[in-house]
Amino acid sequence: MATADTKKYTARDIEVLEGLDPVRKRPSMYIGGVDTRGLHHLIWEIVDNSVDEFLAGEADKIVVTLHKDGCSMTVSDNGRGIPVDKHPKTKTSALEVILTTLHAGGKFSEKNYVRSGGLHGVGSSVVNALSSELVATVHRDGFEWTQRYKRGRATTPVQKQKPTRLHGTSIFFRPDEEIFRRINFNTDTIRQHLEDVSYIHAGLHIIYKDEVKHETHDLKHPDGIVAFLEKITLEQQKKQSHEQLCALSKDEGKIRVEAVFRWTDATDENVRSYVNGIRTYAGGTHENGFKSGLSKAVKNYMEVHNIKPKGVTITTDDIREGIVAIVSVFHNDPMFQGQTKDRLNNPEMTAMVDGFVRPGLETWLNNNPSIADAIIGRIVMASRARQASREAASDVRRKSPTSRKSNLPGKLLDCRSNKPDETELFIVEGESAGGTAAMGRNSKFQAVLPLKGKILNTESLTTSKALQNQEIKDLVDTLGTDIGSNFDIHKLRYGRVILLMDADSDGYHISTLLLAFFFRHMLEMIRQGKLFLGQPPLYRIAVGKETYYAQDDIHKEEILASLPANRKVEIFRFKGLGEMDAKQLKETTLDPTVRTLLRVDIDSQIIADQTFTQLLGKDASERYRIIMEEANQADDLDV
């Protein structure tokens, strides 16, 4: 029944934001926030446009100036200069179109830029929208041209100034105090970022002028990422396991891949990835391909030379321990995740980089046997140390039966065994499913934790925010590992953690939310092979004393077609876990002899080529279908 308030909701209540108003209304969508990171992102957007001129072969110098007030910047280059003639469609200057219109630019095709970082036609206009003052100065066609803006709107026409032989673009901007809480640029952050850019783009000359400290930094590194890796290794004071680094490169015209790396004595891995000179902090398909190719090459080398010690299981973590690497990709059509470009999503890049790194590294190892021996020895030591750590922790990571009860959620139906390697935790949806699973389980080694409804979507939440949700807190307390930076896999109380949801859209949605939680906040659970998806069948088919289980309708028809025509067949269709009886549940899901479990694999397509942000935006059943289809390919992708 409509209320008085709902009747007032009409077309007149629908707001249409025009021009750059959407940027000012929701700035975080375009620059990642209005904090320090978002403030500095304004600089990166303008610098990236100048770098694109370098990539196009039209510029070789960029000057970045932090002015005396500490809250305004100028970025200049010696490229072609933004066009100032009138656009045929808008009948206004192309300069004004670029700086005042979202998705306007010359990089949507390959006519002017084969490879670039500014792909969306958004960066310059976003900076303009979020600046209280912006002045564009263009040198081209024999003259200097200027235009002034305020909060995304032109305050003067494009003005023709003095004659000049110079060419290029200069952008001055002052971030808007109405948008940013505090405007104070960090000179160290700017210098570090510009220095990284100069390393990635060998031959590019960047001058950073700091008028606050009266300093000028001349940044130019002709040796590129090779010198960059040396700098990173030195800064982190990591002792090299061998003197020589491995440098690989491949150029196929529209796509160029470069990778340099070396092993050190550190216990962590440090992989930096870039796309068209832009740092991809969240990695992506190119970084996944590098890690996969690296692991495959090392394992292949060990098998060919028969140097794998007995009793040692080499994992991808062992291989990548201590690695310091830079992976730089130049792509003609990169697909980034959002305007901040933190992650690359091009699915073809995983196989391409994998296929480039694996043979290249194998050849390098074969050509440098003494270095290869040192690397393999270091990897074997890492594996043995990891195994020793697991064995030492196995006796103490489980709490005693009496002490643990007071610290665990009351709804947890725990198992009797204190040996993690033989225990399992089933995470189910709802109290009724929990009760049913409890009746069908083997209480000696199977525990059950029911969750109430759909958990919080933690895809973009901080650890502290995630723990404010009671269901997530109960899950973390049950596992015993803590979360985020405090996560400790050695404290895991169960050998397997199994997501067991109903075979319906709600169940698929809950599974996806849980997978996102584990991927973002407990990644090591996936890396160590501790997380599984339960695949409860939809049908039980009884034929005399024989029993068959069908995953879906198609599987059921296949089973029926294979049976003799005169056999009496009984078909039972399972519903949610809460609607199964204990006998049926035990026969189909919890009984280890007949159940089907799918291990979630960090190297599989389930995570490598699909982000949970994308998955959560689709219909629940379609999401789960994608997860299942791609996870079934995990064996082919395992390294």
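Bear in mind the structure is a predicted one, so any value in this text is a computation, not a measurement.
Applying salt bridge (charged side-chain N to carboxylate O under 4.0 Å, His left out) to Glu133 and the options Arg151, Arg148, Lys150 leaves one that passes, Arg148.
In summary, Arg272 and Glu287 do not engage in a salt bridge, as defined by a charged side-chain N under 4.0 Å from a carboxylate O. The pair Glu211-Lys209 does not meet the salt-bridge criterion, since no charged nitrogen lies less than 4.0 angstrom from a carboxylate oxygen. Glu252 and Lys254 are not joined by a salt bridge, as no carboxylate oxygen comes within less than 4.0 angstrom of a charged side-chain nitrogen.
The main-chain N or O of Arg378 is never found under 3.5 Å from a side-chain atom of Trp263 such that the two would form a donor-acceptor pair. Between the Thr264 side chain and the Gly322 main chain, a donor and an acceptor come within less than 3.5 Å of each other. With hydrogens and angles ignored, the 3.5 Å screen pairs no side-chain donor or acceptor of Thr481 with any backbone N or O of Asp488. Side-chain atoms of Asp52 do not come within 3.5 Å of backbone N or O of Leu55 as any donor-acceptor pair. Remark: the backbone N or O of Glu269 is not paired with any side-chain donor or acceptor of Arg320 at under 3.5 angstrom. Put simply, the side chain of Asp251 never gets that close to the backbone of Val257: no donor and acceptor are under 3.5 Å apart. In this structure, Asn128 contributes its side chain and Leu99 its backbone to a donor-acceptor pair below 3.5 Å. Within the 3.5 Å criterion, the main-chain N or O of Asp60 finds a donor-acceptor partner in the side chain of Asn78. No donor-acceptor distance shorter than 3.5 angstrom exists from the side chain of Asn368 to the backbone of Ile371, with no hydrogens or angles considered.
Considering all non-hydrogen atoms of both residues, Gly33 and Ser28 come closest at CA-OG, 3.3 Å. Of all non-hydrogen atoms in Gly293 and Val357, the two that sit nearest each other are C-CG1, 3.9 Å. Nearest heavy-atom pair across Thr280 and Ser273 is OG1-OG, 2.6 Å. Closest approach of Phe330 and Gly277 over heavy atoms only: CE2-N, 4.0 Å. Closest approach of Ile82 to Ile98, counting heavy atoms only: CG2-CD1, 3.5 Å. When all heavy atoms are compared, the tightest approach of Ser125 to Thr100 is CB-N, 4.4 Å.
Remark: Phe172 engages His67 in a ring-ring contact (aromatic ring centres under 6.0 Å, His included) (not counting sequence neighbours). His40 is linked by a ring-ring contact (aromatic ring centres under 6.0 Å, His included) to Phe185, counting only residues two or more places apart in sequence or in another chain. Taking Lys231 as the reference, Glu235 meet the side-chain hydrogen bond (donor to acceptor under 3.5 Å, both in side chains) condition, with sequence neighbours excluded.
Defined by atom type and a distance below 3.5 Å, a donor-acceptor pair is present between the side-chain atoms of Asp69 and Ser72. Side-chain N/O atoms of Ser124 and Asn49 include a donor and acceptor closer than 3.5 Å. Ser292 and Asp354 are linked by a side-chain donor-acceptor pair at a separation below 3.5 angstrom, with hydrogens and angles left out of the test. With hydrogens and angles left out, the side-chain atoms of Asp218 and His205 include a donor and acceptor closer than 3.5 Å. Side chains of Glu524 and His490: a donor-acceptor N/O pair is absent below 3.5 angstrom, by distance only. In this structure, a donor-acceptor pair under 3.5 Å is present between the side chains of Thr315 and Asp318. Checking Thr137 against Ser170 by side-chain atom types alone, no donor-acceptor pair falls below 3.5 Å. Between the side chains of His221 and Asp223, no donor N or O sits under 3.5 Å from an acceptor N or O. Between the side chains of Ser132 and Asp176, no donor-acceptor pair of N or O atoms lies under 3.5 Å. Side-chain contact of Gln147 with Glu96: a donor-acceptor pair under 3.5 Å is present, judged by distance alone.
The shortest side-chain heavy-atom distance between Trp145 and Leu95 does not fall under the 4.5 Å cut-off. Side-chain contact check for Arg181 versus Val34: some heavy-atom pair is nearer than 4.5 Å. At a threshold of 4.5 Å between non-hydrogen side-chain atoms, the residues Val324 and Leu229 count as touching. Residues Arg527 and Asp317 are in side-chain contact: their nearest non-hydrogen atoms beyond the backbone lie under 4.5 Å apart. Contact of the Ile62 side chain with the Ser50 side chain is registered, since non-hydrogen atoms from C-beta on lie closer than 4.5 Å. Here the side chains of Ile207 and His217 are not in contact, with every heavy-atom distance at 4.5 Å or above.
Relative to the six-membered ring of Phe143, Lys160 meets both conditions, a distance below 6.0 Å and an angle of at most 45° to the axis. Because its NZ or CZ atom is not both nearer than 6.0 Å to the ring centre of Tyr208 and within 45° of the ring axis, Arg191 does not count as a cation-pi partner of that residue.
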Begin with the C-alpha distance, continue with both residues' side-chain angles, and end with the deciding distance and a verdict on side-chain hydrogen bond (donor to acceptor under 3.5 Å, both in side chains) for Thr187 and Asp210.
-> CA-CA 7 Å; Thr187 186; Asp210 182 354; 2.7 Å; yes

Under the side-chain contact (heavy atoms from CB on, under 4.5 Å) rule, what do Tyr274 and Val327 come out as? Steps first, then yes or no, please.
-> CA-CA 6 Å; Tyr274 297 81; Val327 182; over 6 Å; no

Go through Lys250 and Glu258 one step at a time and tell me if the salt bridge (charged side-chain N to carboxylate O under 4.0 Å, His left out) criterion holds.
-> CA-CA 7 Å; Lys250 182 178 182 180; Glu258 300 173 342; over 6 Å; no

Go through Val271 and Lys291 one step at a time and tell me if the side-chain contact (heavy atoms from CB on, under 4.5 Å) criterion holds.
-> CA-CA 9 Å; Val271 179; Lys291 293 178 178 179; 4.3 Å; yes

Start with the C-alpha distance between Val127 and Tyr30, add both sets of side-chain angles, then the distance that settles side-chain contact (heavy atoms from CB on, under 4.5 Å), and finish with yes or no.
-> CA-CA 10 Å; Val127 175; Tyr30 298 89; over 6 Å; no

So Gln161 and His139, side-chain hydrogen bond (donor to acceptor under 3.5 Å, both in side chains) or not? Walk me through it.
-> CA-CA 10 Å; Gln161 307 290 353; His139 298 104; over 6 Å; no

Tell me, with the steps shown, if Asp196 and His193 meet side-chain contact (heavy atoms from CB on, under 4.5 Å).
-> CA-CA 5 Å; Asp196 289 0; His193 180 90; 5.8 Å; no

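One distance of note links NE2 of His286 with CZ of Phe356; it measures 12.5 Å at 0.5 Å rounding. Distance check, rounded to the nearest 0.5 Å: CZ of Phe261 to SG of Cys246 gives 3.5 Å. Remark: Ile326 CD1 to Phe228 CZ distance equals 5.0 Å, nearest 0.5 Å. Ile171 CD1 to Thr169 OG1: the interatomic distance, rounded to the nearest 0.5 Å, is 6.5 Å. Atoms CG and CG, on Asn346 and Asp333 in that order, are 6.5 Å from each other to the nearest 0.5 Å. The structure places CZ of Arg37 at 10.0 Å from CD1 of Ile31, a figure rounded to the nearest 0.5 Å.
For Tyr149 and Phe173, the gap between ring centers reaches or exceeds 6.0 Å.
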